[in-house]
Amino acid sequence: MGSELAATAGYAAEEEMAVSSSAEDGSVDAPFLLRSPSSVSVGGGGGASQKRRRRTASEASLHRVSLPFSNPLSSLPASPSRGASFRREVGHAAAETYLVTRLTLTLLRYLGIGYRWMTKFLALTCYAILLMPGFLQVGYYYFFSTQVRRSIIYGEQARNRLDLHLPRNTDGPKPVVAFVTGGAWIIGYKAWGSLLGKHLAERDIIVACIDYRNFPQGTIGDMVQDASQGISFVCNNIANYGGDPNRVFLIGQSAGSHIAACALLEQVNKECGEGENSDWNVSQLKAYMGISGGYNMLNLIDYFHGRGLYRSIFLGIMEGEQSLQRFSPELTVQHESVRCAVHLLPRIILFHGTGDYSIPSDASKMFADALLRVGAEVDLILYEGKTHTDLFLQGEGRTAARYTEHNPRRRPNRACQGRQRSPSRRLVPEFMLQLARRVSPF
């Protein structure tokens with residue numbers, strides 16, 4: 001089954017890279033937070049020949065799709081005709097839809113068709129139908145907007161691609177978000193970040209949505225490795241797209257919060273001499289923001305089992321019970337090797353809804369407590385009654401990054417209550433949004 005999913009991902013990669021000559025065979029939810037200036041290290045050169053080959057591939061890809069700093073929207077390759085360009089975009093949209101559909105069917109076959117999964121699948125279908133007006137608008141933006149650069153290569157695997165969402169305004173370097181999407185470690189995909197990318201691009205912020213291998217194509221170690229490579233690409237190459245390498249923010253949502261936190265702590269270990277050198281440094285990040293994340297896998301495994309992510313599957317994702325502690329950021333941060341390097345961590349902001357039943361808000365509370373105990377700079381922001389998807393669909397996920405923009409120097413709090421803001425324009429009518437909340441399987 002893993003090879004079948006890998007083959008599907010390989011097919012998608014070939015479709016996505018039809019305009020690029022270097023496609024390779026892959027195997028198988030205004031300014032941001034301000035901090036005192038930190039030195040930016042441009043990642044090490046010189047390592048093994050394999051690393052040089054990967055960097056060469058990434059830079060070649062960059063030169064093919066990157067645009068002049070002065071105006072990243074001005075140098076698009078000329079199309080033979082408007083009709084040909086439209087047909088190419090429609091073909092790309094069809095290929096992406098085919099990929100998602102095939103991955104969904106493959107996943108259902110892998111998980112088995114039990115009563116619990118059937119009811120969740122039906123709930124998901126109703127949920128998607130109710131939100132379809134919004135999905136169509138965001139989908140049109142994703143496939144046809146000139147502000148989106150899709151499937152930029154950052155590594156050697158078939159899923160080592162990222163999407164860039166660029167602002168229309170090209171005056172001066174822009175803040176940058178490196179975003180790791182959620183998906184229960186199984187159905188994560190870079191296109192899931194399109195809504196966040198669209199809204200933040202409207203605020204003059206560049207968003208890089210990082211794709212990564214999912215289970216069973218890869219396990220958690222592969223996901224963390226992919227995310228780290230994507231972060232490295234963003235930190236070291238974003239200036240070519242008009243981004244400010246001194247203002248890079250790492251954001252993860254749901255499973256993406258966990259993956260991004262693991263990548264961050266793994267990088268801290270490397271910089272403390274616990275591992276090999278890397279092409280990016282923690283000092284290149286201004287802040288890490290986790291939205292509705294889980295950070296202690298030992299505590300969550302039984303909870304997930306009760307919610308339908310069965311223990312056997314979850315242990316397969318996490319590389320066995322012996323690896324649960326290693327991939328639990330709440331526990332890792334208390335390890336001696338990280339405790340002595342806590343000063344390397346950027347500011348950490350955790351967001352969670354108290355009505356989240358997919359991952360309870362206690363997960364973020366306990367992670368914040370662990371970070372505070374070791375002296376990290378952390379804020380915990382709770383949204384009363386909000387569910388797992390509310391933070392993304394109803395705006396709090398987008399406003400989270402602006403929460404402390406007017407108070408960048410305030411001291412870390414144990415918890416603070418999310419403020420109510422005037423609602424932004426809805427992509428979906430309010431009554432349909434409320435119905436979707438009632439049937440949501442998340």
Side-chain angles (χ1 to χ4, degrees), residues 29-36 38 175-182 193 196 199-200 203 205 207 227 231 246-265 267-268 282-296 329-330 332-333 338 342-354 356 359 361-384 386 388 390-392 394-421:
D29 182 141
F32 267 53
L33 296 170
L34 302 177
R35 270 189 70 157
S36 56
S38 57
V176 181
V177 163
F179 181 60
V180 184
T181 65
L196 183 72
H199 282 277
L200 292 188
R203 295 171 59 84
I205 298 165
V207 179
I231 296 167
N246 296 316
R247 288 188 292 169
V248 178
F249 299 82
L250 176 61
I251 299 182
Q253 189 264 339
S254 190
S257 295
H258 169 249
I259 295 169
C262 287
L264 179 64
L265 293 176
Q267 184 62 27
V268 168
V282 173
S283 63
Q284 293 176 272
L285 300 178
K286 297 293 288 182
Y288 161 76
M289 305 180 196
I291 304 173
S292 305
Y295 309 98
N296 189 329
E330 179 189 325
T332 303
V333 76
V338 177
V342 68
H343 64 281
L344 295 176
L345 289 172
R347 185 175 190 172
I348 296 174
I349 308 100
L350 304 176
F351 305 91
H352 222 118
T354 60
D356 190 337
I359 302 177
S361 58
D362 283 347
S364 288
K365 293 177 185 177
M366 294 171 67
F367 188 33
D369 286 342
L371 288 164
L372 288 172
R373 282 197 298 270
V374 298
E377 185 180 7
V378 58
D379 289 295
L380 172 63
I381 300 170
L382 300 177
Y383 291 90
E384 187 65 35
K386 296 298 184 181
H388 194 67
D390 283 349
L391 298 192
F392 220 58
Q394 296 189 14
E396 280 77 7
R398 300 187 301 273
T399 60
R402 308 195 303 266
Y403 188 84
T404 57
E405 63 183 344
H406 300 301
N407 299 286
R409 297 292 181 185
R410 66 187 178 95
R411 297 299 302 169
N413 297 323
R414 173 179 169 80
C416 56
Q417 195 69 19
R419 293 176 294 180
Q420 298 296 323
R421 296 175 181 267

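- Considering all non-hydrogen atoms of both residues, Gly293 and Ala363 come closest at O-CB, 3.6 Å.
- For the residue pair Thr354 and Ser361, the shortest heavy atom distance occurs at CA-OG, 3.9 Å.
- Partners of His258 according to the side chain to side chain donor-acceptor pair (under 3.5 Å) rule, which considers only residues two or more places apart in sequence or in another chain, are Trp185.
- Between Leu380 and Ala368 the shortest heavy-atom distance is CB-CB, 4.1 Å.
- Between Lys286 and Arg247, the shortest heavy-atom contact is CG-CA, 3.7 Å.
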So Arg373 and Val333, side chain to side chain contact (heavy atoms under 4.5 Å, CB included) or not? Walk me through it. CA-CA 10 Å; Arg373 282 197 298 270; Val333 76; over 6 Å; no
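- Side-chain contact between Leu285 and Leu264 is present, with heavy atoms from C-beta onward closer than 4.5 Å.
- When every heavy atom of Ser254 is checked against every heavy atom of Ile359, the shortest pair comes out as OG-CD1, 4.1 Å.
- Residues Tyr295 and Leu350 have side chains in contact (heavy-atom distance under 4.5 Å, counting atoms from C-beta outward).
- Ser364 is linked by a side chain to side chain donor-acceptor pair (under 3.5 Å) to His352, counting only residues two or more places apart in sequence or in another chain.
- In this view, Tyr288 satisfies the ring pair (Phe, Tyr, Trp, His ring centres under 6.0 Å) rule with no residue, not counting sequence neighbours.
- Separating the CD atom in Gln267 from the CG atom in Leu344 is a distance of 9.5 Å, to the nearest 0.5 Å.
- Contact record, Ile259 with Ala227: CG2-CB, 3.8 Å, taken as the closest heavy-atom pair.
- Here the side chains of Leu345 and Leu265 are in contact, with some heavy-atom distance below 4.5 Å.
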Apply side chain to side chain contact (heavy atoms under 4.5 Å, CB included) to the pair His388 and Gln253, showing each step before the final yes or no. CA-CA 10 Å; His388 194 67; Gln253 189 264 339; 4.3 Å; yes
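- When side chains are defined from C-beta on, Lys365 counts as touching Leu382, because their heavy atoms get closer than 4.5 Å.
- Using a 4.5 Å heavy-atom cutoff, the side chains of Glu377 and His343 are not in contact.
- Phe249 places none of its side-chain heavy atoms less than 4.5 Å from the side chain of Pro346.
- Residue Leu372 holds its CG atom at 10.5 Å from CZ of Phe367, rounded to the nearest 0.5 Å.
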